[in-house]
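Notes to accompany the following structure.
Numbering of ligands and ligand atoms starts at 1, following listing order.
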Amino acid sequence: MAQSQLNVGLIGLGTVGSQVAERMLTWGPQLARRAGVELCLRRVLVRNLTKRRPIDVAPDLLTVDPDALLEDAAIDVLVEVAGGDEPIRGYLERAIRAGKHVITANKVVMAKHGPELLALAAEKNVDVYFEAAVGGGIPLISTFRTDLQANRIERVSAVINGTTNYVLGRMAAAGLSLAEAVGEAQAAGYAEADPTDDVGGFDAAYKLAILGSIAYEIKVRPHEIFREGIEAVEPVDFRYARELGYAIKLIAHTQRHPGRVEARVHPAMVPLDHPLARVEGAENAVFVEGDLVGQVLLVGQGAGGRPTASAVVGDLIDLARSIRRGVQSRPSFSFDDRIGVIPMGEVVTRAYYRIRVDDRAGVLAAIGQVFAEEGVSISSFIQKDAWSQDQTVELVVTTHPSVEASLQRARSRMADLEPVHAVSSFLRVF
Ligand SMILES: NC(=O)c1ccc[n+]([C@@H]2O[C@H](COP(=O)([O-])OP(=O)(O)OC[C@H]3O[C@@H](n4cnc5c(N)ncnc54)[C@H](OP(=O)(O)O)[C@@H]3O)[C@@H](O)[C@H]2O)c1
């Protein structure tokens, strides 16, 4: 007999969890109509029972004992919105082993352990949904798994970290230093007290690992992704970028090549007419190219309690519907282990160099010779006025596409030239 009620155990009642609980508690009839079953919040796991919560949850629903959810046979679905690796990964594994379905917003767990959890879920005949793990409220995973499943995905390029996009936007618009812009983002609630995960590109790399794995059906591990944060970008780079017709964005990019894929996260100069150059503030955007569909752009709020709860509760309705029908509405995952990630040194990209040199004859020839010997062809070149105090000038060079290893060799060889004071900035051009 078909179930009339689906019991949910919720882990986490913070920014996202409180919005998930609120929607479940205040929108019951609408959710039941869409899901075809009543969605019943049966237990909520937190760390601190006495903490003040932004929503009213009956005190007897709350527990600090994970077994109260994991050992409760009546709980059909575990919704995890707590975050972090262990002990949460272990809870998800236990839930799957106990035959519970899982919905998670946890990018760290899904990026690091997703393929193993999905394989275990397939073995146990349960589902793992993780729409909220990437891009907050933007429908990405479901788009890949259902609407775009007739395609071979060729590339995915994204502005997928709202914090760095806000910070870079403030540096560009107001000429702020990185530290000033991060401080502003923290005051506005867009950055954590410790912003390393965002500023260092770790968060974007986790999300790209998930997107790449789903897009190509291969295992893209976070440690295989080339990652560079925005720490080295300086306010002056935004001025030169604008002059050259670019914005500076933290880009997460993956692209299919014969037998391999490239996957990288780094700040990049993005042409001003590219849709990713126009993504503002804490917004996220994902640009997908499929062989049948062509180009698709998905834009929206990549974070925040309400947008993320939209993805979590959407997954819950979808899952409830398929449980009620006794079918899996989405194809199960299978990953091709033969396809790996290309080492960054072999990736072909364009580059921007900002170089401070002595203002004297012969410098340009020496720099030109380094590029020529490394087989790197120059696309544009700007010389800025002499600095008043020390008689140096700034050279801004952009290149045609070249192998990353050659671009890096050119960078270090130039830094060793006697009239070169510093290669002050190196950015890839998208
Ligand atoms: N916030 C966003 O905009 C956003 C967007 C997309 C994805 N996500 C993901 O959603 C998840 C939750 O994020 P959040 O911003 O809602 O975090 P949060 O505000 O810090 O809330 C975390 C909640 O989980 C509980 N918790 C944490 N570790 C726990 C443990 N070991 N055992 C039991 N309870 C535990 C905390 O309990 P206490 O309240 O008792 O401390 C808290 O209620 C993370 O995976 C995050 O990456 C968040």
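- Among protein heavy atoms, atom 47 (O) of ligand 1 sits closest to Lys107 NZ, 3.0 Å.
- Ranking protein heavy atoms by distance to atom 12 (C) of ligand 1, first place goes to Val81 O, 3.2 Å.
- Near Ala132, with a cut-off below 4.0 Å to any heavy atom, the atoms of ligand 1 are 6 (C), 7 (C).
- Among Ala311, Gly83, Ala133, Gly162, the residue whose heavy atom lies closest to atom 45 (O) of ligand 1 is Gly83.
- Here the protein heavy atom with the shortest distance to atom 43 (O) of ligand 1 is Leu13 N, 2.8 Å.
- Residues Gln30 and Arg33 have side chains that never bring a donor and an acceptor to within less than 3.5 angstrom of each other.
- Nearest to atom 8 (N) of ligand 1 by heavy atom, out of Gly304, Ala282, Ala105, is Ala105.
- Panel note: side chain Asn151, backbone Val293; a donor-acceptor pair is recorded below 3.5 Å.
- The aromatic rings of Tyr166 and Tyr190 lie tilted to each other, with the angle between the two planes from 30° to 60°.
- The closest protein non-hydrogen atom to atom 27 (C) of ligand 1 is Arg47 CZ, 3.5 Å.
- Looking at Glu243 and Arg239, no side-chain N of the basic residue comes within less than 4.0 Å of a carboxylate O on the acidic one, giving no salt bridge.
- For Val46, heavy-atom contacts with ligand 1 shorter than 4.0 Å involve the backbone as well as the side chain.
- Of the listed options Gln19, Lys207, Lys51, Arg52, Lys51 places a heavy atom closest to atom 41 (O) of ligand 1.
- In Pro87, the part holding a heavy atom less than 4.0 Å from any atom of ligand 1 is the side chain.
- With ring centers used as reference points, Phe333 lies under 6.0 Å from Phe130.
- A donor atom on one side chain and an acceptor atom on the other are not found under 3.5 Å apart for Tyr246 and Thr398.
- A salt bridge does not link Asp72 with Arg43: every distance from a Lys NZ or Arg NE/NH1/NH2 to an Asp or Glu carboxylate oxygen is 4.0 Å or more.
- Residue contact check for ligand 1: Arg53 places a non-hydrogen atom closer than 4.0 Å to it.
- In this structure, Arg221 pairs ionically with Glu116, as a charged nitrogen and a carboxylate oxygen lie closer than 4.0 Å.
- When only non-hydrogen protein atoms are considered, atom 20 (O) of ligand 1 lies nearest to Ala82 O, 4.9 Å.
- Note: an N/O pair closer than 3.5 Å links Asn48 and ligand 1 by distance alone.
- Atom 25 (C) of ligand 1 has Gly12 CA, 3.7 Å as its closest protein atom, hydrogens excluded (heavy atom only).
- Listed by number with element, the atoms of ligand 1 under 4.0 angstrom from any heavy atom of Leu45 are 33 (C), 34 (N).
- Of all protein heavy atoms, the one lying nearest to atom 21 (O) of ligand 1 is Gly14 CA, 3.3 Å.
- At under 3.5 Å, a nitrogen or oxygen of Val16, whether backbone or side chain, sits near a nitrogen or oxygen of ligand 1.
- Between Asn48 and Val46 there is no side-chain heavy-atom pair separated by less than 4.5 Å.
- For atom 5 (C) of ligand 1, the nearest protein heavy atom (residue, atom name, distance) is Thr308 OG1, 3.1 Å.
- Aromatic ring centroids of Tyr353 and Phe371 lie under 6.0 Å apart.
- In this structure, Arg94 pairs ionically with Glu71, as a charged nitrogen and a carboxylate oxygen lie closer than 4.0 Å.
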